[in-house]
*Asks:* 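Dropping a structure here in structure tokens format, bear with me for questions.
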Number of protein chains: 2
Amino acid sequence: MRVDARRNREHLLATAKAVIAEQGPEASLNEIARRAGVGPGTLYRHFPTRQALLAAVFQDRVETLCAKAEDLLAHTSPDEALALWSRDVLAHALTDGGLSTSMTLGEAELGFDCHAAMRSAATGLLARAQGEGRTRPDIDVEDFFQLVTGVALAASELPGGLGRAEHLLSVTLAGLRG
Amino acid sequence: MRVDARRNREHLLATAKAVIAEQGPEASLNEIARRAGVGPGTLYRHFPTRQALLAAVFQDRVETLCAKAEDLLAHTSPDEALALWSRDVLAHALTDGGLSTSMTLGEAELGFDCHAAMRSAATGLLARAQGEGRTRPDIDVEDFFQLVTGVALAASELPGGLGRAEHLLSVTLAGLRG
DNA sequence: ACCTGAACACCGTTCAAGT
DNA sequence: ACCTGAACACCGTTCAAGT
């Protein structure tokens, strides 16, 4: 990779993070390129699809969430771990519409498959909560994610912020216990 | 209202219903006008905003939902009425992305305020379920709607259809009972 | 090898000109 | 009074031409 290419990529990514923080994940790609002082073709060269760009933008946060899952798995009781991680996922989801992108991301992008990473982090927490804790056994990882995603999507449409979202999440978590 | 204006309006509405059934609520307004054989200005004259158009398109279904609520209020037990109505709302939501529009609709459009209508229908069902039934008292109508909307939004992003959505809803309803 | 930016087909929206 | 459709400023996306 040529030096100017590498520099372009980094600058595009930094610009994308800023613009997406301002305008959300639907931000105009042309504007990102414009602000980065680069032609639209250059953006497409580095990030062939919007999803590829979003994966790169959110990668850090998803990795942090996965690390947090490992940590909770090792140091917290089954039910509490699941509840705490759900809240973290919710907070991530409410920041720049991060979840819908991280969750929906189907295929590996840039050697980093957000969907699989989140799924495997959640699988451990959920299985333990179902074995040693009080979580209903007829729930799978996909159900769990859809419920948390649902609360996040609904809460992001109406005002109320994280506080309201956490209230809704507490209802959902109660449902998961039966 | 002139006869040609009235005819244009009706034809636009019918065309909009068809196009939205095909492409969802984000369908191109220009295309709706084009298919109706009318200039875009004419569509804007009759429906000044997209929300106004969507309100007209979904009005029948929202009215049906409200009538159903009245019915359940009169003829079904508190808990069952709330559960059955939730399922109806969910089914509506999964058809052409109907819910997000009906729910988010803030102000009166065409003398028909979807949001208020749905809210008042739900208020009766929820209050009764909290008084005579087993529903948690710390839930208000807005919470209830957000939770159902959340399940609908999440279920509409991933495959699985109404069946999967009903499974998720059952978890949420369990949560509403504490 | 990589960047460039004009170009294409769209979008929502407006508004002068018509009837 | 109502309709018309060209026009405007955008959008995502592509690709020949440059360096």
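Within every chain, numbering begins at 1; the chains are lettered A, B, ... in the order of the sequence lines, protein sequences first and strands thereafter.
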*Asks:* Take atom CZ of B:R45 and atom P of C:dT13, then tell me their distance rounded to the nearest Å.
*Replies:*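 Those two atoms, CZ and P, are 16 Å apart.
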
*Asks:* Tell me the interatomic distance from B:Q51, atom CD, to C:dG12, atom C1', rounded to whole angstroms.
*Replies:*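 B:Q51 atom CD is separated from C:dG12 atom C1' by 15 Å.
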
*Asks:* Both distances below 3.5 Å, Watson-Crick or wobble geometry, any strand: find the nucleotide opposite C:dA1.
*Replies:*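 Because both required distances fall under 3.5 Å, C:dA1 counts as paired with D:dT19.
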
*Asks:* Please report, rounded to the nearest Å, how far the P atom of C:dC11 is from the CD atom of A:E26.
*Replies:*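 Rounded to whole Å, this separation is 17 Å.
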
*Asks:* Using the side-chain contact (heavy atoms from CB on, under 4.5 Å) rule, pick out the option among B:L173, B:T172, B:L169 that qualifies with B:L147.
*Replies:*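 It is B:T172; the other options fail the test.
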
*Asks:* Could you state the CZ-P distance from B:R9 to D:dC3, rounded to the nearest angstrom?
*Replies:*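 These atoms are roughly 12 Å apart.
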
*Asks:* For the pair A:D140 and A:Q130, evaluate side chain to side chain contact (heavy atoms under 4.5 Å, CB included) and give the outcome as yes or no after the intermediate values.
*Replies:* CA-CA 10 Å; A:D140 62 22; A:Q130 286 173 325; over 6 Å; no

*Asks:* Heavy-atom count check: over 12 atoms from other residues, nucleotides or ligands less than 6.0 Å from A:R136 CZ?
*Replies:*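 Correct, the count exceeds 12.
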
*Asks:* The side chain of B:R50 lies closest to which of these nucleotides: C:dG12, D:dC3, C:dC2?
*Replies:*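 Per side-chain heavy atoms of B:R50, the pick is C:dG12.
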
*Asks:* How many whole angstroms separate atom CD of B:Q23 from atom P of C:dG12?
*Replies:*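 The distance from CD of B:Q23 to P of C:dG12 comes to 10 Å, rounded to the nearest Å.
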
*Asks:* If I take atom OH in residue A:Y44 and atom P in nucleotide D:dC11, what distance separates them, rounded to the nearest angstrom?
*Replies:*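 About 11 Å, once rounded to whole Å.
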
*Asks:* Do you know which two heavy atoms are closest between B:L90 and B:V148, and how far apart they sit?
*Replies:*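 For B:L90 versus B:V148, the nearest heavy atoms are CD1-O, 4.1 Å.
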
*Asks:* Nearest-Å distance, CG (A:L12) to C1' (C:dC3)?
*Replies:*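 Answer to the nearest Å: 11 Å.
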
*Asks:* Using a 4.0 Å cut-off on heavy atoms, which residues in residues 28-40 of chain B reach DNA chain C? List them by number, or say none.
*Replies:*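 By residue number: B:S28, B:L29, B:N30, B:R34, B:P40.
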
*Asks:* Side chains of B:R128 and B:L82, heavy atoms from C-beta outward: is any pair under 4.5 Å?
*Replies:*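 Not in contact.
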
*Asks:* Specify the separation, in whole Å, of atom CG of A:L43 and atom C1' of C:dG5.
*Replies:*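 Distance, rounded to whole Å: 14 Å.
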
*Asks:* Between atom CZ of A:F58 and atom CG of A:L53, what is the distance when rounded to the nearest 0.5 Å?
*Replies:*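 Atom-to-atom, A:F58:CZ and A:L53:CG are 9.0 Å apart.
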
*Asks:* Who is the Watson-Crick or G-U wobble partner of D:dT14, with both distances under 3.5 Å?
*Replies:*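 C:dA6 is the nucleotide pairing with D:dT14.
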
*Asks:* Could you tell me whether B:R134 atom CZ has more than 12 heavy atoms of other residues or ligands within 6.0 Å of it?
*Replies:*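 No, because the 6.0 Å sphere around CZ of B:R134 holds 12 heavy atoms or fewer from other groups.
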
*Asks:* Are any of B:H46's side-chain N or O atoms less than 4.0 Å away from OP1 or OP2 of D:dC2?
*Replies:*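 Answer no for this pair, as no side-chain N or O of B:H46 is under 4.0 Å from OP1 or OP2.
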
*Asks:* When you match B:G41 and A:R2 each to their closest nucleotide on DNA chain D, which lands nearer the 5' end?
*Replies:*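 Upstream on the strand: B:G41.
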
